[in-house]
Amino acid sequence: MQFDHIKIVMVNTSHAGNIGSAARAMKTMGFKHLVLVEPKEFPSQEATTLAAGAGDVLENAQVVNTLQEAVADCALVVGASARSRSLPWPLVNPREMAHQVLALPSSEKTAVVVGRERSGLTNEELAICQCHVHIPSNPEYSSLNVASAVQVLCYELVMSSVSLEARDKPAFGVEWDQKPANSGQLESLFDHWQKTLVDIDFLDPNNPRTLMSKIRRLVLRAQPDEVEANILRGMLSQVDKTIRKS
Ligand code: SAH
């Protein structure tokens, strides 16, 4: 099984050693695309030392400024989280995550995102993801080392890839007629949606509450394809035109 369409994204990692250990974890499982969002220190000797024979994963790692940038081309974005959030979001275990990822054709890119050592992923970062994956762990001490989390998630992808069942079952039970919208397209949709809602006085920018998070959750849960996302954009453009006329 090739995992070339799957990238591991590490957000704002503090300890360079963890980047090296994650690279090693990835390579042992057959993954090579590592994306680093604002790492504290990289490149680094410590990362190279801990990567051991996986120096090539570090050399090819892409460094970007934002999570949006890291996942813009991805049809599926999964965020790994050690704790549950105030606003419930679709949640899967690593095995279910692997099934979802492998149900997509390998022409579609997927990102598996892990967070900061101390504080994990922010609510805003988690809201970019279609679903969250939690590694079952001791409820009193549930936070794995970030490179260990990468190891477990990659391992589950390997295990699922050898199960025919996961490989042969498409995401919605049938071959879909359109490409899934990618994260970049969905982020543009959300930006547009928010702007229009402010323009029509549905969203108060001074008191936004959780409205946009709920819209995000609804849309991400539905996994819209490109045509569906364009229909929504088209409706918003028509609303914009109509209010400009009035
Ligand atoms: N204290 C942080 C945990 C940071 S651990 C928090 O409460 O969120 C660093 C990263 O490793 C997390 O952001 C997450 O991506 C991953 N991770 C650690 N333990 C995990 C678990 N049990 N399930 C899923 N991801 C986990």
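Just so you know, these numbers come straight off a predicted model, no measurement behind them. Note that ligands are numbered from 1 as they come in the structure, with each ligand's atoms numbered from 1 the same way.
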Short list, please: which atoms of ligand 1 are under 4.0 Å from a heavy atom of [X]?
| X | value |
| --- | --- |
| Val146 | 9 (C), 10 (C), 11 (O) |
| Val114 | 15 (O) |
| Glu117 | 4 (C), 5 (S) |
| Ser137 | 22 (N) |
| Arg118 | 1 (N), 2 (C) |

Has ligand 1 got any nitrogen or oxygen that is less than 3.5 angstrom from a nitrogen or oxygen of Val133?
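Checking ligand 1 against Val133, no N or O pair falls under 3.5 Å apart.
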
Less than 3.5 Å between some nitrogen or oxygen of Val113 and one of ligand 1, yes or no?
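No.
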
Take Leu236 and Leu189, measure what side chain to side chain contact (heavy atoms under 4.5 Å, CB included) needs, and give me the verdict at the end.
CA-CA 9 Å; Leu236 293 170; Leu189 168 65; 3.9 Å; yes

Donor-acceptor side-chain pairing of [X] and [Y] below 3.5 angstrom:
| X | Y | answer |
| --- | --- | --- |
| Asn65 | Glu38 | no |
| Gln223 | Gln130 | no |
| His192 | Asp240 | yes |

Apply the test salt bridge (Lys or Arg N to Asp or Glu O under 4.0 Å) to residues Glu228 and Arg233: give CA-CA distance (whole Å), side-chain angles for both, the deciding distance (0.1 Å), then the verdict.
CA-CA 9 Å; Glu228 291 161 343; Arg233 285 295 298 263; over 6 Å; no

Can you tell which of Ser81, Ala149, Pro136 gets a heavy atom nearest to atom 24 (C) of ligand 1?
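Comparing heavy atoms across Ser81, Ala149, Pro136, the nearest one to atom 24 (C) of ligand 1 lies in Ser81.
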
So do the side chains of Phe31 and Val158 get within less than 4.5 Å of each other, counting heavy atoms only?
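Yes; the side chains approach each other to less than 4.5 Å.
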
Protein contact to [atom] [nearest heavy atom, distance to 0.1 Å]:
| atom | answer |
| --- | --- |
| atom 15 (O) of ligand 1 | Ala80 O, 2.7 Å |
| atom 23 (N) of ligand 1 | Ile135 N, 2.8 Å |
| atom 20 (C) of ligand 1 | Ala82 CB, 3.7 Å |
| atom 19 (N) of ligand 1 | Leu144 N, 2.9 Å |
| atom 12 (C) of ligand 1 | Gly115 N, 3.8 Å |
| atom 7 (O) of ligand 1 | Arg83 NE, 2.7 Å |
| atom 22 (N) of ligand 1 | Ser142 O, 2.9 Å |
| atom 9 (C) of ligand 1 | Arg116 O, 3.3 Å |

Below 4.0 Å, non-hydrogen atoms only: which portion of Asn145 touches ligand 1? Side chain, backbone, both or neither.
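Under 4.0 Å from ligand 1, Asn145 contributes no heavy atoms.
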
Mode of Ser143 contact toward ligand 1 - side chain, backbone, both, neither (heavy atoms, under 4.0 Å)
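Contact part for Ser143 vs ligand 1: both backbone and side chain.
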
Should the pair Phe190 and Trp193 be assigned to parallel (<30°), tilted (30 to 60°) or perpendicular (>60°) ring geometry?
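Parallel.
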
Under 4.0 Å between a Lys/Arg side-chain N and an Asp/Glu carboxylate O for [X] and [Y]?
| X | Y | result |
| --- | --- | --- |
| Asp4 | Lys32 | yes |
| Lys27 | Asp56 | yes |
| Arg95 | Glu156 | yes |
| Lys195 | Asp199 | yes |

